[in-house]
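Please read the structure below before turning to the comments.
Per chain, numbering begins at 1; letters A, B, ... match sequence-line order.
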2 protein chains.
Amino acid sequence: MQSKMLWQTLRYLRSLFAFKKYAILAALILILLVLLLIQKDDSVVECDTNIRSLYDIPPEVQEQLKKQWLSEQNQLNPQKVLPDEPPNQDANPPPVAPLECLINDDYPVQCLKTTDKDEIVYMPFSFIEKYFEVYGAMKHYDGYDRFEFSHSYGKVINELPTPYTYHGMLMSFDTYNVEVRDRVKCVSGIEGVPLSSQWGKHGYFYGIQICQYGLSHYCKNLVQKLPQETVYEDADTIQPVWKQSNKQCITQYVDDPLIRNKVVKFTTPDSIPLGSGLTLHIGNTVERVLSFDIRFVGNGSISVMVDTNDKAKQYTIHYITNNLLLDFDHRSNIFYGIGATQSWRHIARDLVTDLRKGIGLSSTKKKKVKTSITKVTCLIVRGSGFIDNITVSTSQHMSQFQAASDWIVKNQDPESGGWKNDIERVLPGYDPIPPGWLSAMGQGQALSLLSRAYYVYKNESYLKTLALGLLPFTLPSNKGGVQAMFMGKYVWYEEYPTSPSSFVLNGFIYSLIGLYDFKSLLEDQFGMGSENLPADTVTQFERLGVNLPKVYSQASKLFQDGMTSLKAMLPLYDGGTRTFYDLRHFILKIQPKIARWDYHVTHLDQLALMSSISDDPIFQQVFQRWKGYTVGKPSQHN
Amino acid sequence: MQSKMLWQTLRYLRSLFAFKKYAILAALILILLVLLLIQKDDSVVECDTNIRSLYDIPPEVQEQLKKQWLSEQNQLNPQKVLPDEPPNQDANPPPVAPLECLINDDYPVQCLKTTDKDEIVYMPFSFIEKYFEVYGAMKHYDGYDRFEFSHSYGKVINELPTPYTYHGMLMSFDTYNVEVRDRVKCVSGIEGVPLSSQWGKHGYFYGIQICQYGLSHYCKNLVQKLPQETVYEDADTIQPVWKQSNKQCITQYVDDPLIRNKVVKFTTPDSIPLGSGLTLHIGNTVERVLSFDIRFVGNGSISVMVDTNDKAKQYTIHYITNNLLLDFDHRSNIFYGIGATQSWRHIARDLVTDLRKGIGLSSTKKKKVKTSITKVTCLIVRGSGFIDNITVSTSQHMSQFQAASDWIVKNQDPESGGWKNDIERVLPGYDPIPPGWLSAMGQGQALSLLSRAYYVYKNESYLKTLALGLLPFTLPSNKGGVQAMFMGKYVWYEEYPTSPSSFVLNGFIYSLIGLYDFKSLLEDQFGMGSENLPADTVTQFERLGVNLPKVYSQASKLFQDGMTSLKAMLPLYDGGTRTFYDLRHFILKIQPKIARWDYHVTHLDQLALMSSISDDPIFQQVFQRWKGYTVGKPSQHN
């Protein structure tokens, strides 16, 4: 532009003077002039004392520049501010000035106000977030930035669910990942169920957690698509080659008389080290759940080598015929005891969970282990025994459900009918509850689990366990049961047998769901509650010591009494803006325990279920009101 | 600057070429160049398509200008932004851009974010105010603007008060202006107490309101400085001249045998119109409460002329010996009936209240009448009778207190011992309560009022009324009393005798305060509760049908039983973030009734009082927690 202008000037001058010499002279003059002009500008910047001197720039240019800069200033990131499909917003915000806000006559917060006549006051979200305990995050989608403000962090069911059945989905248990939780130490190799470390670092079996583990896998199995699986050995059609550590390691395909099937018989010397023996190549980069049937003769182990994303490190998980819970050599070997395993047994292991719990064992950090398996490389058997159906799949939910159900059957206290929690429980404001206590929630969830287990497997031991599981509901919590009484009028089933009672709401409703499940199972499977009760069914279970009509009548009454209490007492958990976790504020005359939003959402899930099994409109009404609390709609004022 | 530079250039060119001709030529060239340059600038502004061309201005200049303009932009109103004593705030707010906030995945709100790397999100207070029901106002003091954010609108007592006594201050009743309230129709000329129009436009006496009127004036009298007063006539030392409407209007200073005092005897013809007669010049521009002693012989009136700020309008308030409640001629005359008044009576009228209630009578608008009296001009008597002690003062609290106390004595139902509310009361969710109901709050406040009245005046009729006032506390609300029972366990005194019970908290505590006051009066004045009971006192009141020991034992038990209930049930009113007005949510299984902030503050005032009369730490604890709710500090989560 400048050079073009210069050239035009020169041509103009030449035409004026019409001879070369003057043209050269003029060019020289011009160059000098330009130099002088540049010098002039510099001098202004140097002195820099009087901003008026800048106005030597013509006003129109100034105006133009000002407009541009102000616009730029407001659009430092134009892609964000000028979205592809901008929402209904003014691209030029009004000018703002700082403003001090005085909060409750106590402390200041830096705010903004617009300097136009509207004087709109803006408060920083960082204050709002902390003060009101709300949530917010910047999100980018549909071509522009948006700030998503949430009153609560709980995900709320939007509609009341379809009718509930005792063998169907339980609330949102399909979204639970029990074994992944930090408070789960690991999944026991012997029992196939999780151990809790919530109230004791050493790890202990916690009935409620085991029920939730089983129920979550049951529900996942209901809603997830069929698992993808790769069978590496079934002895009948798939007979892979095993790599031997030495020549004394032998495999053989034989018929097993016990399971009437072809299986792999293996033998390795006792002296070879862990991780040696007979190796089956797997090389699976897709699935992560290993399962097989196994029977050892003497001691032995199954080791699984996996490649991970942990700096391309290879780990080996050893399942050994001992009683070790879990160990990690702080390098690359993780050990799980699977017990003697001298009769046929189906083992299903989520290798990712086993790996992470193993690595996490050495970690003193609270940080979750996030190592992923990139490949299940191979499986190595050691010792003598039989193995079959070596499979790697995306899930083994029903195996995990069954493991939980079987643990529940095996671990019921035959005297009390309860699942004793062998850990001290400390609730603030109450005396510690010594180990051995029962929880109505545990009882209820066991009923929910085993009702489903009976529905699927029709195993009589499940029914026997269910029947005995009612017993603690009939005894007060200070007599080894789970029953409490509110104001001498309303019966309650206590999540924690505190003295005095604590009336935890969610645990109580879980117990009612369990009673409902068992009651429904008895109606559905044995015609209980109907006129035409098949006599042979009753006789059949008398053999097991289960008096079906009596058990049914007991379950029904426990359920109905509980429902009466729930309907009457539900308003006591209504804080008008939040819900209460329990009634300790009334019992101990202390401050109310506001339910965290995740518990509030549990309350909502439970109310949705209750509204499906009860005709009383209170459940729908309370559901709608409490759902409103999650989006900041409080109850009315007087 | 530019001309100087031009000159230098010319001199420089001349020195180069050293002869005039070329210098003139060079000057010509220069002029042409300057013209061209100007043209160039214009062309840029006109085309306005490529903003890059503006950068011909040197970068340093640009930087300087940019800084200046941005600074200007942010200081459009420098006086507001740069206060005399600015708080800890940055005078240059970061540049902002509009931002859409999506609230609970439901609706958008226009917000701002800073466009610097911090990306601070600001939400408009207009949203926060509505969403969270908080309060805010711009205030200017200490030389700068501030935005005052308040979680609640209730004024909270900061410290627990000094020990409470039955004859001292009652909560913050000194701040109540009962008669000023919109729901007060007027102060009756006959009874000297307010009439309510809250639940009935016609106006009706409402015991609770009358007690509050009396108690508020009692408390004002305790804390306010002595009233300022001007006596215009006392017949003894001040004998003003009365202006006659005609010669038949006669005044005379005579001795009254009944009150043994000099008084004014007045006579005017029956035929003269209202507002004529004998005029006493007042001309008081300071005080507003008129009082006098009066006794009419036949009909008559006292008219008071006042100047107001209502477009300099003069009004006349006529107090007439009839049974009219209140009337207004829609021009300048307001009428109050004072009844026959044929025996000596002390009348005290707050002229501002009488004026405003009169003008407000014609108003269909909800807007409060704000007319002020600028001068009490004169007083005109008409009819025949006696008048004395004509005074205008700043207040007549004890007159008003006594009027309320006397109304309470006179209007106690002799059968039930209650103050019947002759108005239907409708509480949402309950059947309407038909007229004639009793309120524990009314009973309690009458006890508080009369305990103070007895303390001051030692009038036996107060004590007799007090004793009988206990009776409704002993009867269930469905049997004409005020007693309810919570869960068959806790006795409660009901503000409203709903069926089922509603358990209104503030009314209950008022009833306990009343019981405490009466109990304390009996202890303090008659030695009740102590070992050495003066026998003659007991005998003295037996004459009146008051069995003092029995009454004391009854009051004590009613109080203690109520305190037991209050301590047990207080947590049921705790919503974790707010308090509840009543327990209708538990009783009717509906949504909780969150107490408005003014009721919340009443709860706090009541707790402060309770903590002063009870050793139980619960009152201080709950006070502190509930006080926290007013500044947004909720109870803990689980």
Minimum heavy-atom distance [X]-[Y], with the two atoms named:
{"X": "A/Pro634", "Y": "B/Ile594", "answer": "CB-CD1, 4.2 Å"}
{"X": "A/Leu572", "Y": "B/Leu572", "answer": "CD2-CD2, 3.9 Å"}
{"X": "B/Gln110", "Y": "A/Tyr122", "answer": "O-CE2, 4.1 Å"}
{"X": "A/Pro571", "Y": "B/Lys589", "answer": "CG-CA, 4.0 Å"}
{"X": "A/Asp574", "Y": "B/Phe580", "answer": "O-CZ, 3.2 Å"}
{"X": "B/Phe586", "Y": "A/Met569", "answer": "CE1-CA, 4.4 Å"}

What is the distance from atom [atom1] of [X] to atom [atom2] of [Y], rounded to the nearest 0.5 Å?
{"X": "A/Arg625", "Y": "B/Ile590", "atom1": "CZ", "atom2": "CD1", "result": "8.0 Å"}
{"X": "B/Tyr581", "Y": "A/Gln636", "atom1": "OH", "atom2": "CD", "result": "14.5 Å"}
{"X": "B/Lys633", "Y": "A/Asn104", "atom1": "NZ", "atom2": "CG", "result": "8.0 Å"}

In terms of heavy-atom pairs under 4.5 Å, which option from [options] contacts chain A the most?
{"options": "B/Met138, B/Lys489, B/Gln621", "answer": "B/Met138"}
{"options": "B/Phe125, B/Phe149, B/Tyr135", "answer": "B/Phe149"}
{"options": "B/Glu148, B/Arg146, B/His585", "answer": "B/Arg146"}
{"options": "B/Ile120, B/Ile618, B/Ile103, B/Leu112", "answer": "B/Leu112"}

Does any non-hydrogen side-chain atom of [Y] lie less than 4.5 Å from one of [X]?
{"X": "B/Phe132", "Y": "A/Ile128", "result": "yes"}
{"X": "A/Met123", "Y": "B/Phe127", "result": "no"}
{"X": "B/Met487", "Y": "A/Phe486", "result": "yes"}
{"X": "A/Trp597", "Y": "B/His637", "result": "no"}
{"X": "A/Val622", "Y": "B/Gln591", "result": "no"}

Run through A/Cys111, A/Cys101, A/Pro108 and flag the one making a side-chain contact (heavy atoms from CB on, under 4.5 Å) with B/Phe147.
-> A/Cys101
Structural part of A/Arg578 lying under 4.5 Å from a heavy atom of chain B = side chain
Chain B contact via A/Tyr490 - side chain, backbone, both or neither, heavy atoms under 4.5 Å = side chain
Neighbour count above 12 (heavy atom, 6.0 Å) for B/Asp106 CG | yes
Would you mind telling me which of A/Lys139, A/Lys567, A/Lys593 has the largest number of heavy-atom pairs within less than 4.5 Å of chain B?
-> A/Lys593
For each of A/Pro592, A/Pro124, A/Gly576, A/Ser126, tally heavy-atom pairs with chain B at distances under 4.5 Å, and name the one with the top tally.
-> A/Pro592
Using the side-chain contact (heavy atoms from CB on, under 4.5 Å) rule, take A/Asp145 and B/Lys113 through it: C-alpha gap first, then chi angles, then the decisive distance, then the call.
-> CA-CA 11 Å; A/Asp145 276 345; B/Lys113 68 169 174 180; 3.3 Å; yes
Is there a donor-acceptor contact under 3.5 Å linking the side chains of A/His151 and B/Tyr131?
-> yes
